[in-house]
**Student:** 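Following this message is one structure expressed as structure tokens.
Quick note on labels: first sequence line is chain A, next is B, and so on, each numbered from 1. Predicted, not measured: the structure shown is a model, and the values here were computed from it.
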Number of protein chains: 2
Amino acid sequence: MILELRHLRSLQAIQQCGSLARAAEQLHLTQSALSHQIKTLENYYDTPLFLRSTKPLSLTPAGLKLLDLAHHVLPEVERVDGQLHRHAQGSTGRLYIAIECHACFEWLIPVLDRYRQHWPEVEIDIRLGLSFEPITALQRGEVDLVISSDRRPHKSLCFEPLFDYEARLVLTHDHPLAGKAYVLPQDLADQTLVTYPVERKRLDVFSRFLQPANVEPARTRQAELTAIILLLVSTLKGVAVLPDWVLRETMSQHRLTTRPLGEEGMHGTLYATVRETERTADYIQGFIKGAKNRLNADT
Amino acid sequence: MILELRHLRSLQAIQQCGSLARAAEQLHLTQSALSHQIKTLENYYDTPLFLRSTKPLSLTPAGLKLLDLAHHVLPEVERVDGQLHRHAQGSTGRLYIAIECHACFEWLIPVLDRYRQHWPEVEIDIRLGLSFEPITALQRGEVDLVISSDRRPHKSLCFEPLFDYEARLVLTHDHPLAGKAYVLPQDLADQTLVTYPVERKRLDVFSRFLQPANVEPARTRQAELTAIILLLVSTLKGVAVLPDWVLRETMSQHRLTTRPLGEEGMHGTLYATVRETERTADYIQGFIKGAKNRLNADT
DNA sequence: CACACAAAATGAGTAAACTTCATGTTATTC
DNA sequence: GAATAACATGAAGTTTACTCATTTTGTGTG
């Protein structure tokens, strides 16, 4: 198979111009070059592609077949070619986001809604519950941006801090622990703890608060959605640990309040991790900027 | 635009094989050649196309875009490429037939029905009432085969005789002229002549019979379909001139008979005209053979 | 952590393909 | 039938793609 796009482009030009000479000009080639090129094809297929003896020279059935192919194929090729060029400039691309924490939806969705207005061509998706580590998925090209709070440096990847947060205990106004200025691990030993349905090691409240003090809550409950967790906290008189960004408007509606974990509070930073090669792409930086400004995004 | 099908083929192989080395083997290239080729593309688009650091190496979003294009485009290209190769062998092609005489439908349709069974891939069409000469249309590649009874030799075209025919006068059994063994031009001077609706010069009865004797029929009627012409001959007690092949089974049904034109009868030959370049193609020869054997085709 | 192994990148030389230039051939026009 | 226009052809030059040899990178192992 010697057929190349070049041949299709030539045929299209020949058909358009009605003569080799003019087609060659349009293609920035010499007439001779075109003649040679077509002859190669004709030898390959062992059939003429156009009739030389008619005034606006016309294609043979074989030539028409190829022209037909050209009309199908070339526009698509040009579309993708253009996309890829813009892709490199960073004005378009794929943005598959992996998030480790369910709570991130609370700020992510509004941020993405806003982002899509500015970057309409970017292909967006959110991936939850990957079969392997998000970082691995990032390296394998299955996702393009990982949002998480831990930072395990890795070559070819880079971390962009988005914003700091504080994980706080959520409880009702009239909860016994509401009387304290801050809570300690052992305060939760007789409590019902409501969490997202993920492994314990991926929940800060266990890995950074309860397990170091070797404390186990009396009961645990799981719920996927933040709204349901808050509901359960209200109705079960349980407690939950959520990042501060979750707890703004919804708080007063549910007659809820928050307390720091430990005297100092439990603080963390949320990072966006991307591949080094794509870090500078405009559409990536655009997302990171939008995430940092999430507070303004609600307006 | 430097993108060529070769690049798409390479990307597809890389994706399939999961490594440059194996892909190169499959493409009958060296690993180095592939590496260079991809690098050229990556420089052109200014973005990597796949990640080298994963075990089964994986494509970047940009690479996936191209792969997607490859999956769309390559099968179509291969289909056409294959078709063209067979085309040269003559097992497939386009067969647009131009006919000058309406009566040809009578034998052409059954012949084509039979032909299509043997040459299912050939694209068939029948063109009537072209804006210019069928021969011109043939030279311009608008049609591929012309059926007509006159033979104006032209370079790059060739004529294949199909079969001889005799144009005979059609009339009812009880028509006054039925008493004669043959009719002369002046016999038609007081008759109603039913013809196909085409120019007189393209009707043999005028150009070869009436006009040389400077005779004009009393009345003329036109009808597109042979069946209608026969009907008019019956009901109007008119006459028509039709080739003998039309007049076989239908004759007795309409209580019609035929007489020769002139003492010798008016004979002609039907030719299939094709472009010299396509004459030897199997699918062309197949049609010509089928037309010659039209009598057997009805069985 | 060094080692070995596998796989991709690199660089220089070579072969192939494409293009150009000059010229020949063919078809059409007046 | 000469003139013109358009395509074909052949040889030479240039660009492009490929191969070979080698280096670099990444991966897995003792």
**Student:** Report the residue from B/R79, B/R86, B/R94 that forms a salt bridge (charged side-chain N to carboxylate O under 4.0 Å, His left out) with B/E121.
**Tutor:** B/R86
**Student:** Report yes if at least one side-chain N or O of A/R6 is closer than 4.0 Å to OP1 or OP2 of C/dC18; otherwise report no.
**Tutor:** yes
**Student:** Would you say A/R52 places a side-chain N or O within less than 4.0 Å of OP1 or OP2 belonging to C/dA27?
**Tutor:** no
**Student:** Using 30° and 60° as the class boundaries, would you call the ring planes of B/H102 and B/Y196 parallel, tilted or perpendicular?
**Tutor:** parallel
**Student:** For A/T30 and C/dT20, is the shortest distance between a side-chain N/O and OP1 or OP2 below 4.0 Å?
**Tutor:** yes
**Student:** Between C/dA9 and B/K39, is there an OP1 or OP2 to side-chain N/O distance shorter than 4.0 Å?
**Tutor:** no
**Student:** At under 4.0 Å between heavy atoms, what does B/A21 touch on the DNA or RNA strands: base, sugar-phosphate, or nothing?
**Tutor:** sugar-phosphate
**Student:** Is the ring centre of A/W119 less than 6.0 Å from the ring centre of A/F287?
**Tutor:** no
**Student:** Just N and O in the side chain of A/S35: are any of them under 4.0 Å from OP1 or OP2 of D/dA8?
**Tutor:** yes
**Student:** Categorize B/L29 for me: base, sugar-phosphate, or nothing, with a 4.0 angstrom heavy-atom threshold over every strand shown.
**Tutor:** sugar-phosphate
**Student:** Can you check whether A/Y45 and B/H85 have ring centres sitting under 6.0 Å from each other?
**Tutor:** yes
**Student:** Given that B/R22 and B/S32 both sit by DNA chain C, which one's nearest nucleotide is further toward the 5' end?
**Tutor:** B/R22
**Student:** CD of A/E4 versus P of C/dC18: gap in Å, rounded?
**Tutor:** 9 Å
**Student:** Using a cut-off of strictly less than 4.0 Å, decide whether B/Q37 has a side-chain nitrogen or oxygen near OP1 or OP2 of D/dC18.
**Tutor:** yes
**Student:** Let's test your reading of the model: under 3.5 Å, does the base of C/dA9 pair with the side chain of B/Q31 as donor and acceptor?
**Tutor:** yes
